[in-house]
Amino acid sequence: MKLILHGGFFSESTTDAKTKAAKQEALTTIVKQAYDYLKSHTATQTVVYAVSLLEDNVLFNAGIGSQIQSDGQIRMSAALMDGTTQKLSGVINIQNVKNPILVAEKLMPYDDRVLGSEGANQFATANGFAEFSTETPERRAEFEKKLAATGTGTVGCVALDADGKLAVATSTGGKGFEMVGRISDSATVAGNYANAFCGVSCTGVGEDIVSNATATKIVTRVTDGMAIADAFAKTFTELKPYDGFAGAIGIDAKGNVFHQDSHPSMVFASFDGTDVVVFD
Ligand code: ASP
């Protein structure tokens, strides 16, 4: 069993040392909690659980503490992908729910795979998700000061369960100050992708991640026989011509755990039951 999660990018200019330490502590606690959960649950159930814990933590830009868009509203996106069934389910630009990843999970059995905006909101209400404001005073103050802090903390998790199955989940409050209607990478296959060979979750500037098809490319390369480290290296080299801003975490079916970022520094934690690795 293997587990890795990310808490998005840590930006020195917008986050102080105290917040950095708090994020490290939160990731350490959550990676252990999620690993315990993985002992008696599937990879798919576990990535949802881990991401919901990260969404509940105000330090991360997903769920509670999501960034505010240019019109002063919060719109969130999240997706889940089961590597065994190869089904992805997601919500894009959903509003006023505490845990977008739980709405994505609820959508998994349906034929329609990704719901956006109004439709996502209606689906959440119809399925009993209570109205919940995910705004925090900190994000409002940032918004008011117009401190556009790109990529400060999307969350994601990849898990390999005891049956050798892989799953991935990603959740975001977006990049902050974006235009209304802007689509994040997090609920697309560029930002969140898994099959039976590999699972990958991304963070960073969604536009760069979509242009690079980051998660899909890494997974496809591993599927075709490339070592996970080489698949990450090649895919990240392809971000260079346009200075793409991305970070990714991944696990392959053999249990190799990997992470890489194009700009320092992505906040991440992994756990194999023995050693917790936080940051790099
Ligand atoms: N990838 C997210 C987005 O572009 C932002 C992030 O990772 O922090 O919406």
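Reckoned from all heavy atoms, side chains included, excluding hydrogens, waters and symmetry mates. We count ligands from 1, going down the list as the structure has it; atoms in each ligand are counted the same way.
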Checklist entry - Any idea which part of His6 is under 4.0 Å from ligand 1, heavy-atom wise: side chain, backbone, both or neither? => result neither
Checklist entry - Hey, does Gly206 come in under 3.5 Å of ligand 1, counting only N/O atoms on both sides? => result yes
Next on the checklist: So if I count the atoms of ligand 1 from 1 in the order they appear, which ones are less than 4.0 Å from some heavy atom of Asp185?
Outcome noted: 1 (N), 2 (C), 3 (C), 4 (O)
Next on the checklist: Could you tell me, atom by atom, which parts of ligand 1 come under 4.0 Å of a heavy atom of Thr203?
Outcome noted: 6 (C), 7 (O), 8 (O)
Checklist outcome for this item: Looking only at non-hydrogen atoms, the one of Arg182, Glu178, Arg75 nearest atom 9 (O) of ligand 1 is Arg182
Next on the checklist: Among Leu107, Val114, Asp82, Thr188, exactly one meets side-chain contact (heavy atoms from CB on, under 4.5 Å) together with Leu88. Which residue is that?
Outcome noted: Val114
Item to check | Least distance between heavy atoms, Thr170 atom then Thr154 atom | outcome: CG2-CG2, 3.9 Å
Next on the checklist: Using a 4.0 Å cut-off to any heavy atom of Lys175, which atoms of ligand 1 qualify?
Outcome noted: 9 (O)
Item to check | Location of contacts on Thr154 toward ligand 1, heavy atoms closer than 4.0 Å | outcome: both
Checklist entry - Looking at Phe129 versus Phe123, is the centre-to-centre ring distance below 6.0 Å? => result no
Checklist entry - What class does the angle between the rings of Tyr37 and Tyr49 fall in, given that below 30° is parallel, 30 to 60° is tilted and above 60° is perpendicular? => result parallel
Checklist entry - Does Gly8 have a heavy atom less than 4.0 Å from any atom of ligand 1? => result no
Checklist outcome for this item: For Lys23 and Phe9 the tightest heavy-atom approach is NZ-O, 4.2 Å
Checklist entry - Which pairs with one or both residues in residues 111-128 pass side-chain hydrogen bond (donor to acceptor under 3.5 Å, both in side chains), sequence neighbours excluded? => result none
Checklist entry - Does Gly174, backbone or side chain, put an N or O under 3.5 Å from an N or O of ligand 1? => result no
Next on the checklist: Test of understanding: with salt bridge (charged side-chain N to carboxylate O under 4.0 Å, His left out), list the residues that count as partners of Lys217, not counting sequence neighbours.
Outcome noted: Glu238
